[in-house]
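One structure is given here, and the rest of the page talks about it.
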Amino acid sequence: MKNKDHIENMRDGQTESPWQSSLNRQIQPNAAENGVIYDTLVVGGGITGVTTAFLLQKSGQKCVLAEAHQLGFGTTGGTTAHLNTFFDTTYPEINSAFGTEAATMMATAAKNVIDFIKANIDTLDIDADFEYKDAYLFSQNEKETDQLQEILSAAKQAGVSVSEVFENGVPINFEHALLFKDQAQFHPLKYIYAIAQAFQKLGGILLENTIITDSSFKDEIHSAEAGHINLKAKNLVYATHIPPGVNLLSLRNAPYRSYVLGVKLEDDEYPESLAYDMQEPYHYFRPHKINGEKILIVGGGEDHKTGHGDPQQAFKNLKQYVRKYFKVSDIPYHWSSQYYIPVDGLPYIGHLPGGDERIFTATGFNGNGMILGTLSAMIIHDLILNKENRYADLFKPSRLKLVAGFTEFVKENADVAYHFIADRLSAETLDSINQLEPDEGKIVSFDGHKIAVYKDAKGKVTALSPTCTHAGCIVNWNGAEKSWDCPCHGGRYAIDGKVITGPPQKNLEQIDINNVSFFNEV
Ligand code: FES
């Protein structure tokens with residue numbers, strides 16, 4: 001089923017999403033050129049970065065897009081690519097925190113984004129599996145039904161096309177259900193690769209494997225170090241989720257992992273629509289054809305903060321869940337991906353607070369990254385070109401909103417504080433490396449120091465300093481994606497210590513274990 005021509009390691013983990021396995025990567029990155037002063041440097045080749053670069057180039061700017069790995073390596077390669085006019089932050093929540101006008105703006109923005117993506121697909125003739133779909137949101141108990149009624153009335157008030165119905169699109173018991181019309185789904189990688197090609201055709205410069213390690217601002221010009229090249233630009237956009245450095249946005253967004261399966265069904269009874277339950281965390285369902293074969297995409301239900309939880313157990317639970325409701329013949333895909341929950345429920349899009357002039361960023365998309373990433377590109381495009389944008393004020397990153405739920409967030413960030421203190425000051429006794437299974441990683445203590453140790457299938461051990469290079473927390477092993485994940489702000493590293501997810505910019509330090517006799521005995 002999988003396309004053998006796909007390029008390995010295209011995503012920030014060892015599991016493979018169906019988007020990776022069904023993409024013909026027909027793109028030629030450009031060669032880096034020193035000495036050019038670009039109008040805008042966009043860092044990050046996900047949907048936000050690619051769309052921003054494309055829009056600015058189309059408006060006459062000279063742009064360079066720098067991706068640390070390959071296009072779609074991060075969350076865009078692992079999303080489930082739903083395009084909805086409702087959000088993880090519900091309309092009643094938006095009403096109570098920001099007012100009804102904000103809820104109406106969100107509803108309008110979502111609709112505009114779906115239209116914008118469809119218009120790009122039509123104009124550029126992109127084969128991105130785009131389909132309009134109905135979407136069902138359903139309750140399964142009294143409490144959820146009450147919430148559903150509130151969502152119905154707030155969504156209607158915001159101008160969303162929604163109605164009560166007596167079906168939910170999936171073979172799962174429900175009490176009440178809502179139907180949202182004109183939702184959509186697509187293939188996120190086919191889409192962003194085509195947009196990136198259009199960007200190049202307009203003269204834009206696309207750089208892959210270009211990691212920005214440092215940047216400075218002098219005489220109105222940003223200067224970004226990328227190892228082999230120094231990139232200069234008048235505007236700098238971090239489309240990397242949390243921008244590098246320890247800044248306000250690190251504290252206002254909590255990183256989460258979500259788990260997804262691509263399932264084949266024995267009886268061919270694939271749901272036609274999108275469907276969402278209201279559990280915490282919620283499950284979501286949608287069909288897609290990958291390499292000509294139908295799969296059912298089922299995700300959620302097991303989400304947890306990055307660097308916490310048990311990823312392998314999460315997959316086991318999700319598999320058990322899907323087998324309860326569907327006749328599963330095979331599960332060809334399982335993968336996980338990262339997203340960021342903003343403290344007050346709305347994304348942060350615009351000028352980086354406390355940053356140098358003309359640095360822009362976008363993060364806190366929750367589970368609505370395709371809509372909000374695209375919306376970010378539209379807003380940042382207007383801010384850079386000094387154009388009015390009706391959404392810009394609502395999403396200003398410098399806003400400080402203390403709302404219900406904030407206590408919960410502080411609790412989550414108390415956990416960040418715990419890691420800062422506990423990890424720096426104590427060297428608790430941990431299991432010895434002898435207990436490591438093949439293909440397993442663990443933090444062990446040796447001689448008063450903590451070491452991140454991974455043993456491969458052949459018994460070869462790789463050792464790293466476990467201290468995250470962002471702000472000093474201790475990383476944890478992610479056995480599903482074979483990565484070292486930081487519990488503080490979601491930084492992630494590969495087995496060899498290379499950064500695979502920001503905000504860290506520097507790799508974990510490798511430790512030469514040959515000098516440690518303890519390890520030689522293993
Ligand atoms: Fe911030 Fe690791 S990501 S300390």
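When a ligand or atom number is given, it counts from 1 through the structure's own listing order. We use all heavy atoms of the structure for the numbers below, so side chains are in, but hydrogens, waters and symmetry mates are not.
Annotation for ligand 1: atoms under 4.0 Å from non-hydrogen atoms of H470 are 1 (Fe), 2 (Fe), 3 (S), 4 (S). Close approach to G491 involves these atoms of ligand 1, each under 4.0 Å from a residue heavy atom: 3 (S).
Atom 1 (Fe) of ligand 1 does not have C473 among its coordinating residues (no N/O/S atom, backbone or side chain, under 2.8 Å). C468 lies close to atom 2 (Fe) of ligand 1, since one of its N, O or S atoms is found at a distance under 2.8 Å. Distances from atom 2 (Fe) of ligand 1 show that C488 has no N/O/S atom below 2.8 Å.
Shortest distance from atom 1 (Fe) of ligand 1 to H489 is reached at ND1 (N/O/S atoms only).
Between Y321 and H283, the distance separating the two ring centers is shorter than 6.0 angstrom.
A salt bridge is absent between K455 and D439: the closest approach of a Lys/Arg side-chain nitrogen to an acidic carboxylate oxygen does not fall below 4.0 angstrom.
Per the SG-SG cut-off, C488 and C468 are not bridged by a disulfide [distance not under 2.5 Å].
At a heavy-atom distance under 4.0 Å, atoms from both the backbone and the side chain of A471 approach ligand 1.
Not counting sequence neighbours, the partners of V499 by the side chain to side chain contact (heavy atoms under 4.5 Å, CB included) test are Y493, P504, N507.
Side chain of D277 to backbone of Q279: a donor-acceptor contact under 3.5 angstrom is found. The backbone N or O of E437 lies less than 3.5 Å from a partner atom in the side chain of E440, making a donor-acceptor pair.
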